[in-house]
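To start, the structure under review is shown below, and the notes come after it.
Order of appearance sets the numbers: ligands from 1, and atoms from 1 within every ligand. Worth saying up front: this structure is predicted, and the values here are computed from it rather than measured.
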Amino acid sequence: MNAPFSGKLAILGMGYIGLPTAVALATRGIEVIGVDVNRDIVAAVSRGEVPFVEPDLAISVSGAVAMGRLTATTETPEADAYIIAVPTPFNGDHTADLSFVQAAVEQVAPKLRPGNIVVLESTSPPGTTQKLAEWISAQRPDLRMPDDSEPNADIFIAHCPERVLPGRIMIEIITNDRVVGGLTPRCAERAASIYRVFAQGEILLTDAASAEMAKLVENAYRDVNIAFANELSLIAESLHIDIWEVIRLANRHPRVKILSPGPGVGGHCIPVDPWFIVSAAPLLSTLIRTAREVNDRRPHHVAEQVVAKAQRFRSPTIACLGLTFKANVDDIRESPAIEVVGLIAAALPEVDILVCDPYVDHVPAALSGYANVRLENAHAAVERADIVVLLVEHEPFKAMRHTRLGGKVAYDTRGVWR
Ligand SMILES: NC(=O)c1ccc[n+]([C@@H]2O[C@H](COP(=O)([O-])OP(=O)(O)OC[C@H]3O[C@@H](n4cnc5c(N)ncnc54)[C@H](O)[C@@H]3O)[C@@H](O)[C@H]2O)c1
């Protein structure tokens, strides 16, 4: 019962989660087939390349492909187990968009054979893993789905949420504890056998809805704490008190650990996942909703501050340092830095805005409509700028305080130039 999985495994979605998981399994001897609807991604993985930046991933991908353990395709193959790691964004009304998950399930269903395992890794609202069984059942009435009254199920279905941190994925995918929630205890046990191949952290077995909710709660917890720091920053600013100093002092209390304020909350998870809780229990989620609103308001506040500073100049140039959603990664999804730049560019259409990021080599699509926004290298941008706005604390930017900023108006949203 406790033996690690052996067999052929297909992973749907070769993104930030699916590809590292594929590599973690393939480098430990599992035959992994990576499936993606994006042909460019499939071509890159097939060449042993990584279509995005993540430390230590490239060497593992090229090794796994060279060993013949990892292949990539656009067609979902027959396998012994399937992991679904496709996007779960939200709709305009903040409900979860499960269309990618449903499409992936519809690709898997025709291939299923009795004894197969299906694991949903995509972050999902409570009840999604159960829906997955219903979607499969609709396509494959010949297969017995797992539920408490069906001890002899043909298919084992579970949710195993992912909690890795971009920039540290290859370490955390191995060392983090894993929550594996099955539609039945047997499903959890069978799904856990996959993670036993590579996970060094503890594997915690539970039911599917608890696993779904635990993942959402983790990110809502982070979001609420960030909102607290961001709200403190607003209050301190209005009282002309240095928020960084206040937090430094308060955090010397043995049971206080206030996070850092910033220009907003970005990435694929924290700005999205709390909404799945809010839409599941809208009348009861007042704190979680408010935290989302506080954090979503943040880029507007930062942009307003920059626009106010620009009024001091006749024709200022503004350098905005950082475009990614966090430091030292190339991920620009849901990046508050990009939102800040867009808001400034829209408010000051006559002003030159130079954007710089060591991890981004193009003006992101969200900014391409602004004729006054241009990509520039950081040193040239700062040299030319009257106002320098630090939006992301990439390592090379931290050092600029002492060398580059003399005589400029510096607005540090991350507290690294203090
Ligand atoms: N990125 C993170 O740090 C992180 C952390 C924890 C959880 N998650 C969750 O993991 C899931 C995947 O996130 P990600 O960051 O890897 O996304 P991603 O966008 O990097 O990758 C998803 C991949 O799925 C592919 N895809 C879409 N539909 C498909 C289909 N029907 N069949 C096959 N491939 C398909 C896309 O082309 C894309 O390459 C999401 O639910 C996300 O919330 C992400």
Would you tabulate the side-chain donor-acceptor contacts of residues 20-28 under 3.5 Å, counting partners in other chains and residues two or more places apart, or write 'none'?
residue	atom	partner	partner atom	Å
Thr21	OG1	Ile17	O	2.7
Thr27	OG1	Val23	O	2.7
Arg28	NH1	Ala24	O	2.9

Write 'none' if nothing qualifies; otherwise put on separate lines each N/O atom of ligand 1 with a protein N/O atom under 3.5 Å away and their distance to 0.1 Å.
residue	atom	partner	partner atom	Å
ligand 1	15 (O)	Arg333	NH1	3.4
ligand 1	15 (O)	Arg333	NH2	3.2
ligand 1	16 (O)	Tyr16	N	3.1
ligand 1	16 (O)	Ile17	N	2.9
ligand 1	19 (O)	Arg333	NH1	3.2
ligand 1	20 (O)	Tyr16	N	3.1
ligand 1	20 (O)	Arg333	NH1	3.4
ligand 1	31 (N)	Gln107	OE1	2.7
ligand 1	32 (N)	Gln107	NE2	3.2
ligand 1	34 (N)	Gly13	N	3.4
ligand 1	37 (O)	Asp36	OD1	2.6
ligand 1	39 (O)	Asp36	OD1	3.4
ligand 1	39 (O)	Asp36	OD2	2.7
ligand 1	41 (O)	Val86	O	3.4
ligand 1	41 (O)	Thr88	OG1	2.6
ligand 1	41 (O)	Thr123	N	3.0
ligand 1	43 (O)	Thr123	OG1	3.4

Report all side-chain donor-acceptor pairs from residues 352-362 shorter than 3.5 Å, counting only partners two or more places apart or in another chain.
residue	atom	partner	partner atom	Å
Asp352	OD2	Arg384	NH2	3.4
Asp357	OD1	Tyr359	N	2.7
Asp357	OD1	His394	NE2	3.1
Asp357	OD2	Leu323	N	2.6
Asp357	OD2	Thr324	N	3.2
Asp357	OD2	His394	NE2	2.9

Q. Are more than 12 heavy atoms from other residues, nucleotides or ligands located less than 6.0 Å from atom CD of Glu293?
A. yes
**Q.** Within-4.5 Å side-chain heavy-atom neighbours: Val179 and Arg163
**A.** yes
(Q) Going by ring-ring contact (aromatic ring centres under 6.0 Å, His included), name the pairs with one or both residues in residues 127-177, residues two or more places apart or in two chains. (A) none
(Q) Would you say the ring centers of Tyr16 and Phe52 fall short of 6.0 Å from each other? (A) yes
